[in-house]
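Step one of this worksheet: look at the structure below.
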Number of protein chains: 2
Amino acid sequence: MNKVLPIMESCASCPIRHRAVCARCDDDELEQLNQIKFYKTYAAGQTIAMRGDALDVVASVVAGTATLERAIEDGRTQLVGLLLPSDFIGRPGRDTLQYDVTAVTDVTLCCFQRKPFEALLIRIPHVQERLLEMALDELDAARDWMLLLGRKTAREKIASFLMLIAKRTVHPDGRVLGDLSRIELPISREAMANFLGLTIETVSRQFTGLRKDGVIELDGNRSVRIPDLETLLLESGDDSDGGPLI
Amino acid sequence: MNKVLPIMESCASCPIRHRAVCARCDDDELEQLNQIKFYKTYAAGQTIAMRGDALDVVASVVAGTATLERAIEDGRTQLVGLLLPSDFIGRPGRDTLQYDVTAVTDVTLCCFQRKPFEALLIRIPHVQERLLEMALDELDAARDWMLLLGRKTAREKIASFLMLIAKRTVHPDGRVLGDLSRIELPISREAMANFLGLTIETVSRQFTGLRKDGVIELDGNRSVRIPDLETLLLESGDDSDGGPLI
DNA sequence: ACCACGCATTGACACAGATCAACGGAGGGT
DNA sequence: ACCCTCCGTTGATCTGTGTCAATGCGTGGT
């Protein structure tokens, strides 16, 4: 809890401000948001919320990684959302949650009670607008993901995932946060398998395949070096016209 | 074009009003929407818009079926959206379209020029709210779809698809439009294959499999009778706690 | 230093679904 | 009535990925 204190002062100093709901607020509006917000932390592995839970808060991810998961009774599960810093959880206007939310690393959330938050939406229209924009972004991401799940080979799935993570280490405003050629995987092999609609064995085999072909270099289990991003992009099967890499 | 004329009078008489953007508008606000709206029809098979196109209109589907499609250069394609009457196309705030939109039957759209529509959003807040709600609905649907693509067997995929279509013949307000036990498939085997991440051969085989097992009865290529909806639900692999059937 | 546990890798084999190929049947134009 | 085309079905075979099982490796606890 301690290490997140600095950013608790004000939303204005929030490191995720650029994508969060408050992206376009002036100081006055930030103050209104500040009055109803609070921070909450979860340990790695902890369940943040379960399908069917009443949804009385909405939140932005400040630090860490969480997953949105959908399961069938027989044990099959599919990740349906990967929540990285700046992503938003929860939906104004909904009463219950549709998915299991789990912290896969230590997670810090910036929470808002849903009711006062909804009341605030009425007073601050561009927050509403921002939420729509974020929902549409998520929808686009979900649709690309559907193409991946439905039509890509295991190798393409892994390559696409690596590209996705590489891209997420970059600010939407274009500022590079990390070294694109070295990415830290935020999730385990098992979570990756659930992300990609594969088994962990296949994920593992594809990693070694890409390594043997010189497309990636592994440095431990969670760190990947990418000698040439273009080669990886080629492996991913993505349209190259999908906008600039950054 | 002729047969859609009656609904062109006013949004208030629009048969899809219950889910369209104007769901909660009063007469005054409807009038404002009416002033910027116009209808457009497309023949079956016609391309409505292509990936990369400038997005100067948004629209509701009034009649017919359209698809949202994402493709890889080598010819693989994946449906990422099925647009049935009352669904909304286009996104305020976006300049270009991410997907190919195709009319699979004759389609009638209720269109709004994007710029005046966006201007209107500012004046009528619950339209904005309604759009967010619809985007979140679509997101939920996309996520269920991801579970289907990533984790379900071919047979479960077909059963799920039939359930989906069966449910869509019912109003969200609970009113049953058609006979649930007889459903008309809005799309071809090929489109179904693209919907489900399968090949048309597999789709065909699963249909005959379900038929031989007495789960469905086929009446031509586009009409399916379902003797017992519960049996089909069981085959679909869906949580039964996913809310009431209707 | 040792063990135990969780996570990742590797191998052998099985199988669901893809691929390739042939056939059937409905509708439309001449 | 005929053919042609499109769409769907069925069969034979192949293959990518799942399944089952064993092994390796790093980390934390005692």
Side-chain angles (χ1 to χ4, degrees), chain A residues 43-46 65 67 72 74-78 102 104-105 148-162 184-213 216-224 235 237, chain B residues 43-45 67 72 74-78 102 104-105 148-162 184-213 216-224 235 237:
Chain A
Q46 208 177 341
T65 304
T67 58
I72 325 192
D74 63 11
R76 284 176 284 177
T77 71
Q78 173 69 49
T102 312
V104 294
T105 65
L148 178 147
L149 289 171
R151 293 299 183 200
K152 289 190 180 175
T153 65
R155 179 182 257 243
E156 287 169 341
K157 285 177 175 181
I158 299 289
S160 298
F161 176 74
L162 293 176
E184 299 301 316
L185 301 178
I187 56 177
S188 68
R189 296 283 186 275
E190 184 181 10
M192 267 188 265
N194 282 340
F195 189 107
L196 301 170
L198 298 169
T199 59
I200 65 170
E201 292 94 332
T202 301
V203 170
S204 187
R205 274 186 256 269
Q206 296 303 329
F207 263 95
T208 61
L210 287 169
R211 181 170 51 72
K212 281 180 181 163
D213 294 347
I216 61 172
E217 290 161 25
L218 292 175
D219 180 19
N221 285 332
R222 292 293 186 97
S223 182
V224 181
E235 295 280 355
Chain B
T67 58
I72 326 193
D74 63 11
R76 285 176 284 178
T77 71
Q78 173 68 49
T102 312
V104 293
T105 65
L148 177 147
L149 289 171
R151 293 300 184 200
K152 289 190 179 176
T153 65
R155 180 183 256 242
E156 288 170 340
K157 286 178 175 180
I158 299 289
S160 298
F161 176 73
L162 292 175
E184 299 300 315
L185 301 178
I187 56 176
S188 68
R189 295 284 187 275
E190 185 181 10
M192 268 187 265
N194 282 340
F195 190 107
L196 300 169
L198 299 169
T199 59
I200 66 171
E201 292 95 331
T202 302
V203 170
S204 186
R205 275 186 253 269
Q206 295 303 330
F207 262 96
T208 59
L210 287 169
R211 182 170 51 72
K212 281 181 180 164
D213 294 346
I216 61 173
E217 290 160 25
L218 293 175
D219 180 18
N221 284 333
R222 292 293 186 98
S223 182
V224 180
E235 295 279 355

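Residue numbering restarts at 1 for every chain, and letters A, B, ... go by the order of the sequence lines.
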Q) Given that A:Ile200 and A:Arg151 both sit by DNA chain C, which one's nearest nucleotide is further toward the 5' end? A)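 The residue closer to the strand's 5' end, by nearest nucleotide, is A:Ile200.
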Q | Residue met sooner reading DNA chain C from 5', once B:Thr153 and A:Lys212 are mapped to nucleotides | A |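 Comparing both residues, the 5'-ward one is A:Lys212.
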Using only atom types and a distance under 3.5 Å, with no angle test, would you say the side chain of [X] pairs donor to acceptor with the backbone of [Y]?
X: B:Thr102; Y: B:Thr67; value: no
X: A:Gln78; Y: A:Phe195; value: yes
X: A:Arg151; Y: B:Thr77; value: yes

As an exercise, state the distance from [atom1] of [X] to [atom2] of [Y], rounded to the nearest 0.5 Å.
X: B:Ser160; Y: B:Leu149; atom1: OG; atom2: CG; answer: 10.5 Å
X: B:Gln206; Y: B:Glu201; atom1: CD; atom2: CD; answer: 12.5 Å
X: B:Glu217; Y: B:Leu210; atom1: CD; atom2: CG; answer: 12.0 Å
X: A:Arg222; Y: A:Thr105; atom1: CZ; atom2: OG1; answer: 9.0 Å
X: B:Phe161; Y: B:Leu198; atom1: CZ; atom2: CG; answer: 11.5 Å
X: A:Arg155; Y: A:Thr202; atom1: CZ; atom2: OG1; answer: 13.5 Å

Q: Would you indicate what B:Gly209 reaches in the nucleic acid, counting non-hydrogen atoms under 4.0 angstrom: base, sugar-phosphate, or nothing?
A: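 Nothing: the residue B:Gly209, judged by heavy atoms under 4.0 Å, touches no strand.
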Q. NA contact type, A:Gly45, heavy-atom cut-off 4.0 Å: base, sugar-phosphate, or nothing?
A.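 Here A:Gly45 touches no strand at all.
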**Q.** Span of DNA chain C in contact with chain B (heavy atoms, under 4.0 Å)
**A.**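 First and last nucleotides in contact are C:dG17 to C:dC20.
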Q) Considering all heavy atoms of both residues, which atom of A:Arg189 and which atom of A:Val203 are nearest to each other, and what is their separation? A)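 Between these two residues, the closest heavy atoms are CD-CG1, 3.8 Å.
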**Q.** Residues within residues 154-162 of chain A bordering DNA chain C, heavy-atom distance below 4.0 Å
**A.**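 The answer is none.
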Q.
Under 4.0 Å, heavy atom to any atom of DNA chain C: which of residues 185-194 of chain A qualify?
A.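 Heavy-atom cutoff 4.0 Å gives A:Ser188, A:Arg189, A:Glu190.
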Do [X] and [Y] come close enough that some side-chain heavy atom pair is under 4.5 Å?
X: A:Glu235; Y: A:Ile158; answer: no
X: A:Leu162; Y: A:Leu185; answer: yes
X: B:Val224; Y: B:Leu218; answer: yes

Q.
How bent is the helix from C:dA1-D:dT30 to C:dT30-D:dA1, measuring the angle between the end axes built from five pairs each, rounded to 10°?
A.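 Taking the rotation axis at each end, their angle is 30°.
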Q: Could you pull out all residues at least two apart from B:Arg76 that satisfy salt bridge (Lys or Arg N to Asp or Glu O under 4.0 Å)?
A: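 For B:Arg76, the residues satisfying salt bridge (Lys or Arg N to Asp or Glu O under 4.0 Å) (neighbours in sequence not counted) are A:Glu156, B:Asp74.
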Q | Nucleotides bounding contact with chain B, strand DNA chain D, heavy-atom threshold 4.0 Å | A |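 Using the under 4.0 Å cut-off, the span is D:dG8 to D:dA12.
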Q.
Pair B:Leu196, B:Lys152 - check side-chain contact (heavy atoms from CB on, under 4.5 Å), show working.
A. CA-CA 10 Å; B:Leu196 300 169; B:Lys152 289 190 179 176; over 6 Å; no
